[in-house]
Amino acid sequence: MKEVILISDLTCPECGYTKTESMPEDACQWLYECEGCHTLLKPLAGDCCVFCSYGTVPCPPVQIAPDKGCCTS
Ligand SMILES: [Zn+2]
């Protein structure tokens, strides 16, 4: 069983503000509001969630099955 990391540092692309966030174990997050500049962040093209785009760690479903991704249904 692979160990899943549930903590990721999200960095805002607008203002550079970094916040450590915990991720839900079996879901991913599409939207995230930056606490620094209150920009609503959305995933980059090809990414399934804000953690994959802006976090230091990809979201848990991607860690478990990197080739499958998440939110593809
Ligand atoms: Zn920001």
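These figures come from a predicted structure and were not determined experimentally. Ligands are counted one by one from 1 in listed order, and the atoms in each one are counted from 1 as well. Numbers for residues simply follow the sequence, beginning at 1.
Residues forming a side chain to side chain contact (heavy atoms under 4.5 Å, CB included) with E33 (at least two apart in sequence, or on another chain): H38, L40. Partners of E35 according to the salt bridge (Lys or Arg N to Asp or Glu O under 4.0 Å) rule, which considers only residues two or more places apart in sequence or in another chain, are K19.
Here the OG atom belonging to S22 is positioned 13.5 Å from the CD1 atom belonging to I5, to the nearest 0.5 angstrom. A distance of 4.5 Å separates CE in M23 from OG in S8, rounded to the nearest 0.5 Å.
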Can you give me every donor-acceptor pair (side chain of residues 41-57, partner residue at least two apart or in another chain, under 3.5 Å) with its distance?
from : atom 1 : to  : atom 2 : distance (Å)
D47  : OD2    : S53 : OG     : 2.8
S53  : OG     : L44 : N      : 2.8
Y54  : OH     : K42 : O      : 2.8
T56  : OG1    : D9  : N      : 3.0

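Within the protein, the N, O or S atoms lying under 2.8 Å from the Zn ion (ligand 1) are C12 SG, C15 SG, C34 SG, C37 SG.
For the pair P60 and L6, the minimum side-chain heavy-atom distance is below 4.5 Å.
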